[in-house]
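Reviewing the structure listed below.
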Amino acid sequence: MKEVVAFMLARLGGNEKPSKEDITSILDSVGIKPDTDKLDALFADIDKLGCSVDEAIKNGMDKLAVIPSGGGGGGGGSGDGDAGGATGGGDDKKEEESESESKSSSKAGGNLFGGGDTSSDEDSSD
């Protein structure tokens with residue numbers, strides 16, 4: 001892929017027919033060693049084209065134009081809209097459970113990230 005990008009970069013810079021040496025020099029300038037097998041394959045494929053690189057790109061873009069690329073709708077909601085309100089207090093129990101879980105996990109971590117019950121000001125003496 002890096003060889004293709006360097007080839008297109010050379011074309012963008014005005015070189016209509018970049019050589020293997022041009023590609024190698026572009027990649028070397030940024031400290032990348034080109035893969036000679038991929039470079040040979042790239043130039044073999046370019047030689048097989050029955051048209052210019054620009055025409056091949058245009059033809060490819062025309063083919064891609066028929067493929068739908070619009071985003072789909074978002075995933076639906078959970079549908080639980082008001083399910084917790086019907087039980088009359090089911091949410092309170094969930095909150096208590098999550099609080100106790102967070103307290104126990106902070107104890108297990110030894111208050112590595114702070115959040116303990118005491119602040120550093122209370123621990124230090126004046």
Side-chain angles (χ1 to χ4, degrees):
M1 192 70 172
K2 60 190 171 199
E3 292 81 6
V4 174
V5 172
F7 180 85
M8 296 307 294
L9 187 61
R11 287 189 40 96
L12 188 63
N15 186 348
E16 288 298 316
K17 245 178 125 67
S19 66
K20 291 180 184 179
E21 292 78 25
D22 294 332
I23 306 297
T24 302
S25 109
I26 289 171
L27 292 173
D28 284 343
S29 72
V30 291
I32 299 173
K33 185 177 185 288
D35 185 347
T36 55
D37 293 334
K38 290 182 181 178
L39 197 58
D40 291 339
L42 171 66
F43 278 91
D45 288 344
I46 290 172
D47 290 340
K48 291 179 189 175
L49 287 176
C51 56
S52 72
V53 173
D54 291 329
E55 290 172 7
I57 291 172
K58 183 186 176 307
N59 293 339
M61 293 300 287
D62 290 342
K63 290 178 183 178
L64 286 175
V66 299
I67 298 173
S69 62
S78 65
D80 287 347
D82 194 27
T87 60
D91 291 339
D92 293 337
K93 186 176 180 182
K94 289 180 185 176
E95 287 178 19
E96 289 174 14
E97 287 176 10
S98 65
E99 280 183 30
S100 65
E101 287 176 11
S102 66
K103 286 179 183 178
S104 65
S105 65
S106 66
K107 289 178 185 176
N111 291 329
L112 182 63
F113 299 107
D117 292 337
T118 61
S119 68
S120 60
D121 292 337
E122 293 173 4
D123 292 340
S124 63
S125 58
D126 291 311

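In this chain, residues are counted from 1 in sequence order.
- A salt bridge links Asp62 with Lys58: the distance from a Lys NZ or Arg NE/NH1/NH2 to an Asp or Glu carboxylate oxygen falls below 4.0 Å.
- Val30 and Ile23 fall within the same hydrophobic cluster, defined by Ile, Leu, Val, Met, Phe, Trp and Tyr side-chain heavy atoms under 4.5 Å apart, directly or through other members.
- Side-chain contact, Ser25 with Asp22: no donor N or O sits under 3.5 Å from an acceptor N or O.
- At a threshold of 4.5 Å between non-hydrogen side-chain atoms, the residues Asp28 and Pro34 count as touching.
- Of all non-hydrogen atoms in Cys51 and Ala56, the two that sit nearest each other are SG-N, 3.7 Å.
- Both Met61 and Ile46 belong to a common hydrophobic cluster when Ile, Leu, Val, Met, Phe, Trp and Tyr are linked at side-chain heavy-atom distances under 4.5 angstrom.
- Tracing side-chain contacts under 4.5 Å through hydrophobic residues (I, L, V, M, F, W, Y), one never reaches Val5 starting from Val53; they form parts of separate clusters.
- Residues Asp35 and Lys2 are not paired through a salt bridge, judged by the lack of any N-O separation under 4.0 Å between the basic side chain and the carboxylate.
- Residues Phe7 and Glu3 have side chains not in contact (no heavy-atom distance under 4.5 Å, counting atoms from C-beta outward).
- If you take CG on Asn15 and CD1 on Ile26, they are separated by 7.5 Å, rounding to the nearest 0.5 Å.
- Taking 4.5 Å as the limit, every side-chain heavy atom of Glu55 sits out of range of all side-chain heavy atoms of Leu49.
- Cluster membership check: Phe43 shares its hydrophobic cluster with Met8, using side-chain heavy-atom separations under 4.5 Å among Ile, Leu, Val, Met, Phe, Trp and Tyr.
- Here the side chains of Lys20 and Leu42 are not in contact, with every heavy-atom distance at 4.5 Å or above.
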